[in-house]
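Scope of the values below: all heavy atoms of this structure, side chains included, with no hydrogens, waters or symmetry mates. Per chain, numbering begins at 1; letters A, B, ... match sequence-line order.
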Amino acid sequence: MLERAHILVCGGTGCTSGKSNEIYAELSKHLKENELDKEVKLIMTGCFGLCAKGPIVVVYPDGTFYQHVKPTDAEEIVNEHILKGRVVERLLNDDKSAGTDEVKSFNETPFYKSQRRVVLKNCGVIDPENIDEYLAYDGYLAYQKAVTEMQPQDVIDVLKKSGLRGRGGGGFPTGLKWQFARDSKSDQKYVVCNADEGDPGAFMDRSVLEGDPHALIEAMMIAGYAIGADKGYVYVRAEYPIAVRRLQIAIQQALEYGILGNNIMGTGHSFTLELRLGAGAFVCGEETALLNSTEGKRGEPRQRPPFPAVKGLFQKPTLINNVETYANIPTILLKGADWFASMGTEKSKGTKVFALGGKIKNTGLVEIPMGTTLRTIVEEIGGGIPNGKRFKAAQTGGPSGGCIPAALIDTPIDYDNLISIGSMMGSGGLIVMDEDNCMVDIAKFFLEFTVDESCGKCTPCRIGNKRLYEILEKITKGEATMKDLDKMEELCYYIKENSLCGLGQTAPNPVISTYRYFKDEYIAHVRDKKCPSGVCKALTSYEIIPEKCVGCGLCKRVCPVGAISGEIREKHVIDPDKCIKCGACIASCKKNAIKK
Amino acid sequence: MKTLEELQAIRDRMKGQMNNRAAADESDYRVVVGMATCGIAAGARNTLSALTQEIEQKRLENVVVSQTGCIGICKYEPIVEVFEQGKEKVTYIHVDAERARQIVAGHIINGKPITEYTYNYAVREEK
């Protein structure tokens, strides 16, 4: 029977941590109590993207979008919305309840309106643990088309024409990569998926795996057909338990349907898929280190060339792509290269998924056509900066990328533009920073991460980055000289040019780009011994402005170290020797009488 | 192992069921059933099931069935309103399962509203 309503509960990692499993169970219980369980379908989906408003529940056919849902709200949703058809207004998305009486479909809200969902088209729409729902949205039709109507070379030609470039960071043309793998002669070839998403703050690959795992399987099967490989590996990090479980379920279902295995659907083509769990080393996202780790060896990068397309996994020709790249492919084959190439800019086609984070209202996952400006992402989709603060910069590409300063906010985002302004696409983390962020501190944060994650195989990365980090530490403590800044810059380029793999070659990028756009901040730290944003503790001091202090004693009570003295209704003072610069006094003062 | 044909059969079957997850604004017809206490008491649940069943059986893809609260003319429940893109809505009254099936066949498939079941008709007759 056709259900009259579908209730979709977000089962992404973000909403799961907000108890969406309990919400699901409660909804299920109340539907049963009201004997509605036959009329209404309850589904756990992948990520809806608007993680800031999670946990999210969407009710179709009207497309009502409930945000910040708690397990205790389930009863009201069932009794009011499902039983009586009255929308529970207090749980609605703010964008909708403002101004109009009409409850619009959530696709009309600013967060979703400017997006174009290709990779994420099924995320938050289908039940990722049900292969039939994937099939309903033309699942495995692209594979069927490739195997029954196209020659392997045709598939590669379509990809070349579409202009798809690798979404893992480098932006290498995907069609060309497939061509190299196809042209390598060997008795055995492999298709590998890089699902080792390690950038702090990036989670688009995880969301695809959680929300639409069959799309990855289908794309890898197409790749197997195109390059002549019958075996695939997905290298996914063990820290993504939901993604791993859904992928395992998807592979199992595909095997049961005979979609994976020998002589698939009677077409004569065979393909099998295996999972490899990574233990969470950042360097394993680098393709040659990933291959080593997949083989069961230590995750250290290999010398390139030979490239994986010539000598990859087990020394055999290997095609390796990132999750998001693969997720584009079924749709490209179904809708055609021209359709895909109609989106984006001249050299960057299609869409890109970004994990939007930092100082932004709508934290979450967004997919936009290439060439969308940073302003659209931050101001429209992201909803702007909270608390009326000023936009300072956005960091793309995580620890390998750089920052885009406010002056360049109208830059259309694509591979080449980002490179030319000293940043990079990376895998798609986009962290927004406001005036309260210290750029030196940001660079230090990312460098600390890469120092930690360097595998230690080559000296420039292992020792160079450590020394670079020490210089940054000196700067933030106010102990550096102008000479140190020159040394820092020189060291950056040395590390970039001499490191073995992508990790080291890109590690100094956050330093280089913040130094390029925010040189004055570095100089303020070094010469004036001041941190303009008041982040670096060693360079800030807290002071009570006597004219504003009313002597209420609030700050004195909250100070954890007893650094504030003064009698009630008298002016208070901070003892700089005792102050640990925690900021508790500023937060407590009602008269804004404390300054940094 | 499933053959290509069997997979296609699953796709077709599932497509019908997934149809109401398409955004309401992309459909040609929106059929809304009044599901307040008054509607439910008058049998709107049966009406709703009849509508959804009929739409699935006839494989109509351009229709969304939705529900709403009290429409305000409780004595005429169960009430079904049909919204067609670019046209004025049609309000049907006293819609039982049988009338619901007739509305799907007459109004949505053949494009001709069934005047005798409409609110406007009833009001005119009463005068």
Side-chain angles (χ1 to χ4, degrees), chain A residues 1-6 8 35-36 38-39 41 43 45 58-64 80-87 103-108 112 124-127 130-141 143-144 147-148 254-267, chain B residues 1-27 29-41 44-61 63-71 78-79 81:
Chain A
M1 197 201 122
L2 183 68
E3 293 87 0
R4 67 174 163 94
H6 289 185
L8 276 59
E35 293 172 6
L36 288 163
K38 296 253 157 35
E39 288 174 35
K41 194 170 184 180
I43 302 127
T45 69
V58 171
V59 182
Y60 281 105
D62 22 341
T64 308
E80 285 293 303
H81 191 142
I82 303 301
L83 203 58
K84 297 176 189 157
R86 285 195 293 241
V87 169
V103 180
K104 281 187 292 183
S105 168
F106 67 92
N107 291 315
E108 296 291 309
Y112 288 100
V125 179
I126 67 166
D127 176 356
N130 183 348
I131 187 171
D132 287 354
E133 295 212 345
Y134 179 68
L135 284 166
Y137 286 107
D138 293 332
Y140 293 105
L141 202 62
Y143 170 75
Q144 188 177 320
V147 177
T148 57
L255 281 169
E256 280 163 19
Y257 273 31
I259 287 174
L260 282 173
N262 288 323
N263 188 17
I264 296 163
M265 309 177 215
T267 57
Chain B
M1 189 186 76
K2 297 251 188 303
T3 61
L4 293 178
E5 292 73 33
E6 283 166 333
L7 283 183
Q8 193 54 47
I10 298 176
R11 273 187 205 113
D12 291 341
R13 173 170 60 79
M14 288 303 291
K15 234 173 227 167
Q17 293 185 17
M18 305 278 285
N19 200 27
N20 67 2
R21 249 177 271 174
D25 35 81
E26 284 167 19
S27 301
Y29 289 96
R30 197 156 63 91
V31 182
V32 180
V33 183
M35 288 283 279
T37 310
C38 49
I40 294 169
R45 296 268 290 276
N46 280 337
T47 311
L48 189 60
S49 329
L51 280 169
T52 49
Q53 257 169 19
E54 195 67 7
I55 283 163
E56 191 195 14
Q57 274 169 15
K58 298 266 159 54
R59 296 190 174 271
L60 302 176
E61 288 188 359
V63 190
V64 169
V65 181
S66 181
Q67 48 181 331
T68 186
C70 180
I71 294 168
I79 295 169
E81 295 192 305

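With chain A as partner, the option from B/Val33, B/Leu4, B/Thr3 having the largest number of non-hydrogen pairs under 4.5 angstrom is B/Leu4. Taking chain B as the reference chain and counting heavy-atom pairs below 4.5 Å, the highest number among A/Ile264, A/Ile82, A/Thr148 is found for A/Ile82. Of the residues considered (A/Gln144, A/Glu133, A/Glu256, A/Glu80), A/Glu133 shows the highest number of contacts with chain B, using heavy-atom pairs under 4.5 Å.
Proximity to chain B is limited to the backbone of A/Asn263, based on heavy atoms less than 4.5 angstrom apart. Neither the backbone nor the side chain of B/Glu6 has a heavy atom closer than 4.5 Å to any heavy atom of chain A. When heavy atoms are compared at a cutoff of 4.5 Å, A/Ile131 does not approach chain B at all. A/Leu255 does not touch chain B: none of its heavy atoms, backbone or side chain, sits under 4.5 Å away. With a 4.5 angstrom heavy-atom cutoff, A/Leu260 does not touch chain B via any of its atoms. Neither the backbone nor the side chain of A/Tyr134 has a heavy atom closer than 4.5 Å to any heavy atom of chain B.
By the neighbour-count criterion of 12 heavy atoms within 6.0 Å, atom CG of A/Asn262 is sparsely surrounded, having that number or fewer from other residues, nucleotides or ligands.
When the side chain to side chain contact (heavy atoms under 4.5 Å, CB included) test is applied to A/Asp132, the partners found at least two apart in sequence or on another chain are A/Asn130, A/Leu135, A/Tyr257, B/Ile10, B/Arg13, B/Met14.
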